K.L.:
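Sharing a structure below in structure tokens format, with a few things to ask.
Treat the numbers as computed from the prediction; the structure is a model and nothing was measured. Note that these values count all heavy atoms, side chains included, but never hydrogens, waters or copies made by symmetry. The chains referred to below are lettered A, B, ... by the order of the sequence lines, with proteins before strands, and numbering in each begins at 1.
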Amino acid sequence: MELFLEGILNLIGFIIGLIIGVFSYIGYKNTGSPVLFRLTIAFFAIGIGFGIIWSGYIVNEVIFEEEKMNRGIQALGLGIQTIGYFFIAFSHTIKSFFPKSRYFRSVGILPLFFLSAMNIEHIIRAFSFILLVYGSIETIVSYIEGKQKGALAVGIGLGLLAFGEFIAWYSLIFPESIIYSISIVIKISGLLSLFIPISKLPLRKIKFDDNLDGE
Amino acid sequence: MVVYRTKIEIIGDILVSAQEQTVEQDGASIMQLIRHVNISHGRLSKILSNLVSQGLLEQVNSDRAYKYRISGTGKNFLSEYKKFYKFTSDFGLSI
């Protein structure tokens, strides 16, 4: 059951990540916006990350007929997803805040030392959680300022992904419980919530001869 | 609170203003664009020459000064701009 849910989560993440990535790329090609370029990298990374884990499950189940996932593939997929979450958070950082003092910059490195005793997968999950929470808070703040329903859906989506990641940590303490399955269901809801605003936009590609950067 | 606009947002504002003035008059004058877009003459001139060379705006000779009309390509760009402006806003970001 857990493996089945995990397979669905990763497949949905792969599809939604790629769809939003393609949409962002079309936006970047048509407008030349650097924000859309960062979103393109973010969602392609998220989609590819989910895709790698999903294909890892499929290869394990179909070819090797093993129930346990290869930890290396899992860590690779999670790492690539985290790059995607980083680019979402990075776009918000550029928009609203960038630490100027050396003290604040050095604080950013501290969690690396605090988490050094844990294995790499959990470090990556911790980074994902922090980046998702940050992205969610910034998006909800934007919703409060602009009252755009799409921003609320994306903010809730990122929040649910973060919450799912948080719940998944408890499965380390209670490995055989239903907690991990609950976390997967929460993450699937988060991914679907991310897709809501994109599903309402029409998709049309237009092409320009040159970009608009040569102001 | 001071709100900073990105370069793409300024281009969007110029195209919106030019489109409105193209419908109401025969295009927007430099002074009308400066007033509507809230930008300095020097910066506006650079962006306008870029937009004309890209084919998004058409420069027309009026009685005493140049006027700027939005082209078909400019209308397409503006429609895409509006669509992706909403898309980035949904992520809490500016285009």
K.L.:
Nearest 0.5 Å, please: how far is CD1 in A/Ile198 from CG in B/Asp90?
P.N.:
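Answer rounded to 0.5 Å: 6.5 Å.
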K.L.:
From A/Ser33 OG over to B/Glu80 CD, what is the distance, rounded to the nearest 0.5 angstrom?
P.N.:
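That separation rounds to 13.0 Å.
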K.L.:
Which pair of heavy atoms, one from A/Ser142 and one from B/Gly92, lies closest together, and at what distance?
P.N.:
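Shortest heavy-atom contact: OG-O, 3.1 Å.
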K.L.:
If you count heavy-atom pairs under 4.5 Å between each of A/Pro34, A/Gly155, A/Gly146, A/Ser24 and chain B, which one has the most?
P.N.:
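Most pairs with chain B among the choices: A/Ser24.
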K.L.:
Verify whether the ring centers belonging to A/Phe23 and B/Phe84 lie closer than 6.0 Å.
P.N.:
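Between B/Phe84 and A/Phe23, which both carry aromatic rings, the centre distance is below 6.0 Å.
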K.L.:
Does the side chain of B/Thr6 reach to within under 4.5 Å of the side chain of A/Val35, using non-hydrogen atoms?
P.N.:
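They are not in side-chain contact.
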K.L.:
Distance from A/Thr31 atom OG1 to B/Ile95 atom CD1, nearest 0.5 Å?
P.N.:
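Taking OG1 in A/Thr31 and CD1 in B/Ile95, the distance rounds to 4.5 Å.
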K.L.:
Counting heavy atoms not belonging to A/Phe163, are there more than 12 under 6.0 Å from its CZ?
P.N.:
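For A/Phe163, atom CZ is not crowded (no more than 12 foreign heavy atoms under 6.0 Å).
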K.L.:
Do A/Leu39 and B/Leu93 come within less than 4.5 Å of each other through their side chains, counting heavy atoms only?
P.N.:
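Side chain of A/Leu39 against side chain of B/Leu93, heavy atoms only: contact under 4.5 Å found.
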K.L.:
Compare all side-chain heavy atoms of B/Phe87 with those of A/Ile20 and state whether any distance is below 4.5 angstrom.
P.N.:
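With C-beta onward as the side chain, the pair touches.
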K.L.:
State the CD1-CZ distance between A/Ile88 and B/Phe91, to the nearest 0.5 angstrom.
P.N.:
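Rounded to the nearest 0.5 Å, the CD1-CZ separation comes out at 6.5 Å.
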